[in-house]
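Keep in mind that the numbers below use all heavy atoms, side chains included, and drop hydrogens, waters and symmetry copies.
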Amino acid sequence: MATNPLSEIRSGRAAKAMTLRSLGLNPYPSRSKRTHYNKTIFDDFAAHEGKVVTVAGRLMSWRKQGALAFAHLQDQTGKLQLFLRRNLVQPTDAATGRLGYAETNLLDIGDIIEATGKVIKTERGEISVLVEELRLLTKAIRPLPDQWAGLKDREQVLRKRYLDTILEPASFDRFGKICKMVAAIRAFLNQRGFLEFTTPIIQPQYGGGTAKPFKTHVNALGCDMYLAISHELYLKRLIVAGYDKVYTLGRYFRNEGIDRSHHPEFSMVETMTAYENYEYNMNLIEDLFRHVAVTVFGKTTFTVRSHEIDFGKPWRRVSMAEAVKEKTGVDFRECGTVEEANQRLAGLNIQENQPSIGEALVKAFEVTVEQGLIQPTLVFGHPIEISPLAKPMAEDSRFVERFEIFIAGMECGDNWSEQNDPVNLLETWRKAYRAEERDAGKFHTLDFDFIEALEYGLPPTTGIGPGIERMVMIFTGQENIDDVIFFPMMRPTISPLNAAIYGVQESSVAPVEDLALSVDDFESLCKEGVIQPFARNLIVKPHVRLWSGTTPAGKSRASGHVEIEGFFSNSVLQLAGYKVVFEERLPEDEEKQKVLDLVNASLVKFLREKFPQCHVTVSPATVMRQSC
RNA sequence: GGGUUGGUAGCUCAGCUGGUAGAGCAGUGCCCUUUUAAGGCAUUGGUCCAGGGUUCGAGUCCCUGCCAACCCA
């Protein structure tokens with residue numbers, strides 16, 4: 001086992017656990033006798049003064065001063081000081097699991113402990129527990145990061161969020177608030193008569209939105225399925241089933257980009273309400289935001305991206321076409337042809353031609369208006385071209401009964417009156433459906449099972465689907481989605497330190513694909529353009545195996561394979577081949593050189609010719625010796 | 001996809017024009033009966049992200065790659 005500073009600290013702490021065992025103390029007992037949370041004592045000292053309490057939590061500081069010691073104990077509610085006097089702490093006792101004063105040197109910062117004693121104030125006036133009984137509840141064998149500097153390494157914060165929440169009260173509080181927000185959303189909808197249903201995450205078809213799905217395979221049924229990109233079509237089936245107000249608060253999966261406002265796995269609360277239209281939802285969403293603001297945060301104004309946002313006031317409602325006209329003077333409703341619409345777009349300095357008038361309007365909206373929508377705004381009347389599931393407006397069928405929520409320039413939810421005419425919907429879908437785009441995830445599949453459900457009659461229905469993370473970002477003032485998802489998606493890795501400590505190969509955890517191809521296969525795949533270099537620098541690493549001992553003339557004494565870095569991100573392309581037959585036994589250096597020459601003459605030459613834009617380098621050969 | 005900055009001890013960070021690898025915290029040992037990031041003395045601890053290159057000599061300069069953050073599209 002490799003030694004490094006961390007593993008020494010680790011084994012030192014583990015040794016303390018062994019010492020405790022030898023004293024008859026279990027370093028990992030099964031329960032605590034906690035009677036009070038820290039905050040309860042701290043908030044009402046008068047009621048607790050002189051009373052004996054038992055507190056439990058993580059040991060965060062330890063200041064020993066001869067026969068006195070001061071410590072801070074952190075529990076879910078906050079920190080509280082422990083005050084230890086040598087002569088007041090009960091001696092070590094195996095029966096009760098007590099730890100005497102002398103044995104406190106077996107404690108470390110980060111350990112989970114329990115302390116029983118009277119609530120007092122020290123001479124300096126700090127509320128403390130004067131410890132009579134001390135128990136170790138869990139021995140921590142890894143040191144916490146420096147608690148004053150905190151965990152600054154962004155990657156570590158995301159990978160080891162639990163350390164962030166131990167050290168940063170603000171992070172700890174934020175994630176607690178997020179849970180309360182989710183609870184408040186549920187309470188709000190339940191109180192309004194909504195029923196929460198569970199809808200499938202693994203779905204045979206991905207519908208209800210346009211996104212690239214995650215694909216999975218169901219062994220029991222022998223077929224491929226997809227992780228939900230939306231739950232909408234199931235909610236609508238529930239309306240068909242006879243429930244008037246339903247919702248699901250679920251996980252959504254979109255196999256697309258990751259940036260500070262997008263995460264492949266996210267949450268949304270999605271509702272469906274029968275016998276209402278989108279105007280009902282405009283009110284519902286306003287009320288929902290206000291309810292969460294007041295019940296979880298006790299206020300209606302929030303600072304979002306340095307803007308003061310007020311959720312108390314009625315939200316502005318404006319149609320998309322009107323908003324664009326207001327901002328730019330261009331009214332896309334007056335356009336008769338796509339060409340005309342694209343001309344107007346060009347007039348706004350947007351050069352990308354759009355395939356329809358509606359899409360031109362959306363483009364203009366996105367470019368000119370969206371960023372400027374700071375106060376909560378409901379933008380309604382989307383073009384029908386981009387809204388195949390929404391119901392056209394009675395007054396102008398080019399637009400649909402749909403609205404999006406914008407807060408501080410961010411889109412925070414998409415909502416519409418559902419198209420419930422099965423014939424119309426099927427027609428729209430067929431028009432929009434382009435087989436070649438299906439696999440690219442640009443458009444959902446044709447879901448005839450859903451159309452059939454609609455044919456039995458879906459009452460007039462409307463739904464809202466605010467993203468939980470976006471909502472949380474607004475309410476908690478975070479600008480990065482990773483800060484509102486406790487366990488954000490990261491590339492799996494194992495640090496060199498942990499690899500050494502746990503005795504594993506780094507590569508066994510990292511997602512490295514060793515693709516073994518024959519040299520001929522590789523060359524033909526490159527020629528066909530099937531595989532292409534990922535990086536401009538290709539590193540060729542020959543691995544040569546030499547057989548020692550006597551080998552009959554004419555038999556191979558060396559073989560080799562070659563790894564090429566630069567064809568895939570984070571992975572090595574492994575080529576098998578290069579057996580070398582030696583007629584006579586040669587010195588090892590010459591044999592090695594022979595294999596390298598072969599590599600140079602064929603593979604390197606091929607790579608340089610095929611990919612002249614790449615820089616091809618050959619690493620020194622790795623030589624393995626093996627006896628016959 | 002483009003640009004900028006960064007990667008040095010368990011954590012937070014120094015390290016100048018290239019010349020023996022540094023501090024604070026944490027750890028270890030000792031002293032200390034009211035501390036608040038306690039204090040004092042001593043002390044352990046490093047593949048300087050990886051691979052190449054330049055050089056007598058590279059944490060430092062050059063090239064390539066990996067990872068991260070930020071900004072832009």
- Message: On RNA chain B, does the nearest nucleotide to A:Leu158 precede the nearest nucleotide to A:Gln81 from the 5' side, or the other way round? Give the residue.
- Response: A:Gln81
- Whichever of A:Gly66 and A:Lys152 has its nearest RNA chain B nucleotide further upstream toward 5':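 Looking at RNA chain B, the more 5' nearest nucleotide goes with A:Lys152.
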- Please say whether more than 12 non-hydrogen atoms of neighbouring residues, nucleotides or ligands are located less than 6.0 Å from CE in A:Met490. yes
- Does a sphere of radius 6.0 Å around CZ in A:Phe486 hold more than 12 heavy atoms from other residues, nucleotides or ligands, not counting ones at 6.0 Å or beyond? yes
Using Watson-Crick or G-U wobble geometry with both distances below 3.5 Å, tell me the partner of [N], or none.
N     : result
B:A21 : none
B:U28 : B:A42
B:G1  : B:C72
B:C61 : B:G53
B:A9  : none
B:C48 : none

- Query: Hey, what's the ring geometry for A:Phe475 with A:Phe302, parallel, tilted or perpendicular (30° and 60° as the breaks)?
  - Reply: perpendicular
- Message: Nearest whole Å is fine: how far is B:A38 C1' from A:Leu84 CG?
- Response: 15 Å
- Item | Distance, rounded to the nearest Å, where A:Asp153 contributes CG and B:A68 contributes P | 11 Å
Using a heavy-atom cut-off of 4.0 Å across all strands, would you classify [X] as base, sugar-phosphate, or nothing?
X        : value
A:Gly150 : sugar-phosphate
A:Glu155 : sugar-phosphate
A:Asn480 : sugar-phosphate
A:Lys16  : sugar-phosphate
A:Arg260 : sugar-phosphate
A:Arg63  : base

Please measure how far the [atom1] atom in [N] lies from the corresponding atom in [M], and state the result in whole Å.
N     : M     : atom1 : answer
B:A9  : B:G22 : P     : 14 Å
B:G59 : B:A21 : C1'   : 8 Å
B:U20 : B:C63 : P     : 25 Å
B:C71 : B:U64 : P     : 26 Å

Among the candidates [options], find the nucleotide nearest to the side-chain atoms of [X].
X        : options             : result
A:Gln65  : B:C32, B:G10, B:U36 : B:C32
A:Pro143 : B:U33, B:U12, B:A26 : B:A26
A:Asp146 : B:U36, B:U33, B:G24 : B:G24
A:Arg85  : B:C13, B:G10, B:U33 : B:U33
A:Glu126 : B:C70, B:U36, B:C71 : B:U36
A:Asn87  : B:A69, B:C25, B:U33 : B:U33

- Query: With sequence neighbours left out, which residue pairs that include part of residues 38-59 of chain A fulfil the salt bridge (charged side-chain N to carboxylate O under 4.0 Å, His left out) condition?
  - Reply: A:Lys39-A:Asp43
